[in-house]
**Student:** 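Have a look at this one before I ask anything.
In what follows, residues are counted from 1 in the order of the sequence shown.
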Amino acid sequence: MPESISPFLMLIGLMAPAVVSTVFVMASGSDALKQDLKNKIFGFYKVKWRNVLWAVIVFAIIIACSILLSLLFGQSPDQLSFAKDFSFTGVGIAGAFFTITVAAIIEEVGWKGYCEDSIGNYMNWFWESMIFGALWSFWHFPLIFIQGTYHAGLMVNPLYAINFFVSAVPMGFVITWVYLVSDRSILACMIFHFFVNFMQEKIAMTPETKCVETIVVTLAAAIIVLLKKDMFFESDHVGRLLEMQGGENHDK
């Protein structure tokens, strides 16, 4: 796909989950589902700011550990700095910054507005995170065919591309944790997602270090699951997720 039409194609792909999710909810005929979506988007009171801050700190630690570990494999300490440019080409710095901001906002309307709950309504949050992470990963797949995207750039070495798609699965666990500990707040996930996008773009990590990062993220996700076993493996919400909204406090 030529770079000249990539912004248009990326916009379609970016908007699809949010549009489909909103249409599904609004056409559901369920007042409870509509109200739940409204609460998750506009319920600023739901955000547990301390938990969001902890999530941001955890991800910053993940990046720092990944870079420090990569030094053992001969990678440059210059990675502990900001990159000069974004990976997007053809849209400028302002356009790239706008893209990662809007991406975080619009993606989460789709993922948390419908996708995660529609899976979580049938199984515990551990398996939901596994399935969601795989779906989220595969959703990015068309980007490797669009010139000028970060994902297309990974194809200089297919292992880099494979690493990206694998890394989305443990990240699915991390962002589900952020979602649940803020009482299923979409806003909390938007803030965390933006921070992840920004750090992945602006910290000067090499592709090799991002492979190390996948290992570190997986370890972090495992620790989170172990520390939050009651949250990830409880099944009381199955089949009655909307009934329990606000009824569970995962911030304990």
**Student:** Would you please name every residue forming a side chain to side chain contact (heavy atoms under 4.5 Å, CB included) with Leu33, sequence neighbours left out?
**Tutor:** Val25, Ser28, Ser30, Leu242
**Student:** Ser182 versus Val52: any side-chain heavy-atom pair under 4.5 Å?
**Tutor:** yes
**Student:** Would you mind checking if Lys40 and Asp183 are paired as a salt bridge, meaning a charged N to carboxylate O distance below 4.0 Å?
**Tutor:** no
**Student:** Using the rule that two of Ile, Leu, Val, Met, Phe, Trp, Tyr join whenever any of their side-chain heavy atoms come within less than 4.5 Å, decide whether Phe42 and Ile105 are in one cluster.
**Tutor:** yes
**Student:** Please name the pair of heavy atoms, one in Phe165 and one in Ala161, separated by the smallest distance, quoted to 0.1 Å.
**Tutor:** CD1-O, 3.0 Å
**Student:** Supply the atom-to-atom distance Thr209 OG1 to Gln79 CD, rounded to the nearest 0.5 angstrom.
**Tutor:** 3.5 Å
**Student:** Applying a strict under-4.5 Å side-chain criterion to I, L, V, M, F, W and Y, I'd like to know whether Ile63 and Ile61 cluster together.
**Tutor:** no
**Student:** Going from OG on Ser66 to CG on Leu71, what distance comes out if it is rounded to the nearest 0.5 angstrom?
**Tutor:** 11.0 Å
**Student:** Which distance, rounded to the nearest 0.5 Å, do you find between the CZ of Phe232 and the CG of Asn124?
**Tutor:** 10.0 Å
**Student:** Same hydrophobic cluster for Val20 and Ile41, using side-chain heavy-atom links shorter than 4.5 Å among ILVMFWY?
**Tutor:** yes
**Student:** Would you check if Ile146 and Leu143 make a side-chain contact, meaning some heavy-atom pair closer than 4.5 Å?
**Tutor:** yes
**Student:** Would a 4.5 Å heavy-atom cut-off, applied to side chains only, mark Phe233 and Lys228 as touching?
**Tutor:** no
**Student:** If you look at every heavy atom in Ala188 and Ser185, which pair is closest and at what distance?
**Tutor:** N-OG, 3.2 Å
**Student:** First locate atom CG of Leu37, then atom CZ of Phe24, and finally report the distance between them rounded to the nearest 0.5 Å.
**Tutor:** 13.5 Å
**Student:** Looking just at side-chain N and O atoms, do Asn39 and Gln35 make a donor-acceptor pair shorter than 3.5 Å?
**Tutor:** yes
**Student:** Could you grab the distance from atom OH of Tyr114 to atom CG of Asp36, nearest 0.5 Å is fine?
**Tutor:** 12.5 Å
**Student:** Got Glu201 and Phe198 here, is their nearest side-chain heavy-atom distance under 4.5 Å?
**Tutor:** no
**Student:** Would you mind listing the cluster partners of Val166? Hydrophobic ones only (ILVMFWY), side-chain contacts under 4.5 Å, chaining allowed.
**Tutor:** Leu159, Ile162
**Student:** Would Ile144 and Leu154 count as a side chain to side chain contact (heavy atoms under 4.5 Å, CB included) here? Give the steps.
**Tutor:** CA-CA 8 Å; Ile144 68 174; Leu154 294 175; over 6 Å; no
**Student:** Any non-hydrogen side-chain atom of Phe145 less than 4.5 Å from a side-chain atom of His151?
**Tutor:** no
**Student:** Just do the side chain to side chain contact (heavy atoms under 4.5 Å, CB included) check on Trp54 and Arg50 with the steps written out, would you?
**Tutor:** CA-CA 6 Å; Trp54 269 116; Arg50 183 185 64 182; 3.8 Å; yes
**Student:** Quiz question: by atom type and distance under 3.5 Å, do the side chains of Glu107 and Trp136 form a donor-acceptor pair?
**Tutor:** yes
**Student:** When rounded to the nearest 0.5 angstrom, what distance separates CG in Leu241 from OH in Tyr122?
**Tutor:** 11.0 Å
**Student:** Output yes when a side-chain donor or acceptor of His237 lies under 3.5 Å from a complementary backbone atom of Gly120, and no otherwise.
**Tutor:** yes
**Student:** Take Ile224 and Val174, measure what side chain to side chain contact (heavy atoms under 4.5 Å, CB included) needs, and give me the verdict at the end.
**Tutor:** CA-CA 8 Å; Ile224 289 171; Val174 176; 4.2 Å; yes
**Student:** Considering only heavy atoms from C-beta outward, does the side chain of Thr22 approach that of Val109 to under 4.5 Å?
**Tutor:** yes
**Student:** Give me each pair satisfying side-chain hydrogen bond (donor to acceptor under 3.5 Å, both in side chains) with a member in residues 211-226, each pair once, sequence neighbours excluded.
**Tutor:** Asn163-Thr214, Gln200-Glu213
**Student:** For His140 together with Phe164, are the ring centres under 6.0 Å from each other?
**Tutor:** yes
**Student:** List for me each residue that meets side-chain hydrogen bond (donor to acceptor under 3.5 Å, both in side chains) alongside Asp78, sequence neighbours excluded, and say none if there are none.
**Tutor:** Ser76
**Student:** Is it true that Val238 and Phe132 fall in one hydrophobic cluster, defined by side-chain heavy atoms closer than 4.5 Å?
**Tutor:** no
**Student:** Where do Leu14 and Ala103 come nearest, in terms of heavy atoms and distance?
**Tutor:** CD1-CA, 3.6 Å
**Student:** Any side-chain heavy-atom pair from Gln75 and Leu69 closer than 4.5 angstrom?
**Tutor:** no
**Student:** What residues form a ring pair (Phe, Tyr, Trp, His ring centres under 6.0 Å) with Phe138, not counting sequence neighbours?
**Tutor:** Phe141
**Student:** Give a yes or no on whether the backbone of Ala18 and the side-chain of Ser21 come within a donor-acceptor separation of less than 3.5 Å.
**Tutor:** no
**Student:** Check for me whether the distance between the ring centres of Phe126 and Phe173 falls short of 6.0 Å.
**Tutor:** yes
**Student:** With sequence neighbours left out, what residues match Glu108 under salt bridge (Lys or Arg N to Asp or Glu O under 4.0 Å)?
**Tutor:** Lys112
**Student:** State yes or no: are the ring centers of Trp139 and Trp111 separated by less than 6.0 Å?
**Tutor:** yes
**Student:** Do Glu128 and Asp117 have side chains that approach each other closer than 4.5 Å (heavy atoms only, starting at C-beta)?
**Tutor:** no
**Student:** I'd like to know if Val217 and Val58 are part of one continuous hydrophobic network [Ile/Leu/Val/Met/Phe/Trp/Tyr, side-chain heavy atoms within less than 4.5 Å].
**Tutor:** yes
**Student:** For Ile175 and Glu116, run side chain to side chain contact (heavy atoms under 4.5 Å, CB included): C-alpha distance rounded to whole Å, both residues' side-chain angles, the deciding distance at 0.1 Å, then the answer.
**Tutor:** CA-CA 11 Å; Ile175 202 161; Glu116 288 224 41; 4.2 Å; yes
